[in-house]
Amino acid sequence: QVQLVESGGGLVQPGGSLRLSCAASGIAFSTYVASWYRQAPGKERELVASIASPIPNTDYADSVKGRFTISRDNAKNTVYLQMNTLKSEDTAVYYCNAVRRVWPSGDYWGQGIQVTVSS
């Protein structure tokens with residue numbers, strides 16, 4: 001059974017920081033591209049950041065470049081999202097995703113975790 005379990009969300013003031021974690025089980029995590037998406041109320045889900053493997057090439061949405069950092073620890077089957085200088089517009093439910101396009105392919109999602117940036 002494949003599981004992606006997010007943790008680390010919560011309420012933070014503008015300008016603050018949070019680190020999200022996503023622990024994967026049931027898949028060969030090191031062979032998957034790992035990503036963070038987010039969905040704010042009334043908006044579509046958007047890609048925030050992704051990281052490849054084994055070469056950890058990264059990609060970021062323009063709105064988070066310079067503030068967010070994605071990383072992974074394949075030994076722990078975990079992907080992280082360090083979020084700094086948070087803004088109110090970062091408020092959303094954040095989802096972890098793991099995708100593998102080559103056979104055996106797979107596309108898995110976590111249950112989502114709330115991040116609220118507010119004073």
Side-chain angles (χ1 to χ4, degrees):
Q1 182 182 0
V2 178
Q3 281 191 311
L4 299 178
V5 180
E6 298 105 336
S7 61
L11 174 64
V12 63
Q13 292 186 343
S17 298
L18 280 176
R19 189 175 85 151
L20 303 182
S21 300
C22 172
S25 59
I27 57 173
F29 181 70
S30 65
T31 67
Y32 282 71
V33 174
S35 303
W36 288 96
Y37 287 75
R38 67 186 181 187
Q39 187 167 18
K43 294 187 177 181
E44 294 187 354
R45 190 173 297 189
E46 63 173 350
L47 176 65
V48 175
S50 62
I51 184 167
S53 181
I55 299 174
N57 294 325
T58 58
D59 191 26
Y60 295 91
D62 287 343
S63 59
V64 306
K65 282 181 181 177
R67 299 189 299 122
F68 290 11
T69 302
I70 189 170
S71 61
R72 67 191 297 162
D73 184 340
N74 287 338
K76 296 182 179 179
N77 291 342
T78 300
V79 60
Y80 305 96
L81 185 67
Q82 178 66 44
M83 303 185 293
N84 298 329
T85 319
L86 282 160
K87 306 175 181 179
S88 58
E89 51 262 45
D90 295 317
T91 295
V93 177
Y94 284 70
Y95 296 89
C96 176
N97 172 259
V99 64
R100 176 185 163 100
R101 299 299 183 195
V102 297
W103 187 90
S105 61
D107 189 351
Y108 304 102
W109 292 87
Q111 79 284 357
I113 192 164
Q114 179 69 46
V115 171
T116 301
V117 184
S118 176
S119 56

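Excluded from the calculations below are hydrogen atoms, water molecules and symmetry mates; all remaining heavy atoms, backbone and side chain alike, are included. From a predicted model like this one, the values you see are computed outputs, not experimental measurements. One is the number of the first residue; the rest follow in order along the sequence.
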Contacts table for residues 42-50: side-chain donor-acceptor under 3.5 angstrom, sequence neighbours left out:
{"residue": "Glu46", "atom": "OE2", "partner": "Arg38", "partner atom": "NE", "Å": "2.7"}
{"residue": "Glu46", "atom": "OE2", "partner": "Arg38", "partner atom": "NH2", "Å": "3.2"}

| message | For the CG atom of Leu20 and the OG1 atom of Thr78, what is their distance to the nearest 0.5 Å? | response | 12.5 Å
Show me the donor-acceptor pairs, under 3.5 Å and distance only, between side chains in residues 110-119 and residues at least two apart or in other chains.
{"residue": "Gln111", "atom": "NE2", "partner": "Glu6", "partner atom": "OE1", "Å": "3.3"}
{"residue": "Gln114", "atom": "NE2", "partner": "Ala92", "partner atom": "O", "Å": "3.4"}
{"residue": "Gln114", "atom": "NE2", "partner": "Thr116", "partner atom": "OG1", "Å": "3.3"}

| task | Please name the pair of heavy atoms, one in Ser71 and one in Val79, separated by the smallest distance, quoted to 0.1 Å. | result | O-CG2, 3.2 Å
| query | What closest approach, in Å, do Ser30 and Arg72 show between heavy atoms, and which atom pair accounts for it? | reply | CA-NH2, 4.1 Å
| field | Same apolar cluster: Trp36 and Ile51, side chain cutoff 4.5 Å | value | yes
| task | Determine which pairs satisfy disulfide (SG to SG under 2.5 Å) with at least one residue from residues 21-96, sequence neighbours left out, and list them in order. | result | Cys22-Cys96
| task | State, yes or no, whether a side-chain contact exists between Tyr32 and Tyr108 at a heavy-atom distance under 4.5 Å. | result | yes
| What heavy-atom pair brings Ala24 and Leu4 nearest, and what distance separates the two atoms? | CB-CD2, 3.3 Å
| query | Applying the 4.5 Å side-chain criterion to the ILVMFWY set and letting contacts propagate, would Val2 and Val33 be lumped into a single cluster? | reply | no
Listing, residues 55-62 side-chain donor-acceptor contacts under 3.5 Å, not counting sequence neighbours, or none:
{"residue": "Tyr60", "atom": "OH", "partner": "Ile70", "partner atom": "N", "Å": "2.9"}
{"residue": "Asp62", "atom": "OD1", "partner": "Lys65", "partner atom": "NZ", "Å": "3.2"}

| said: Please find the pair of heavy atoms, one from Ser63 and one from Arg67, that lie closest to each other, and give the distance. | reply: O-NH2, 2.9 Å
| field | Members besides Tyr80 in its Ile/Leu/Val/Met/Phe/Trp/Tyr cluster (side-chain heavy atoms under 4.5 Å) | value | none
| Under 3.5 Å, is there a donor-acceptor pair between the side chain of Ser21 and the main chain of Ser7? | no
| Going only through I, L, V, M, F, W and Y residues with side-chain contacts under 4.5 Å, is there a path from Val93 to Leu86? | no
| request: Return the set of residues passing ring pair (Phe, Tyr, Trp, His ring centres under 6.0 Å) with Tyr37 (not counting sequence neighbours), or none when no residue passes. | output: Trp109
| said: If you apply the rule side-chain hydrogen bond (donor to acceptor under 3.5 Å, both in side chains), what do you find for Thr31 with Arg100, and how did you get there? | reply: CA-CA 7 Å; Thr31 67; Arg100 176 185 163 100; 3.0 Å; yes
| task | Give a yes or no on whether Met83 and Tyr95 share a hydrophobic cluster (residues Ile, Leu, Val, Met, Phe, Trp, Tyr; joining criterion: side-chain heavy atoms under 4.5 Å apart). | result | no
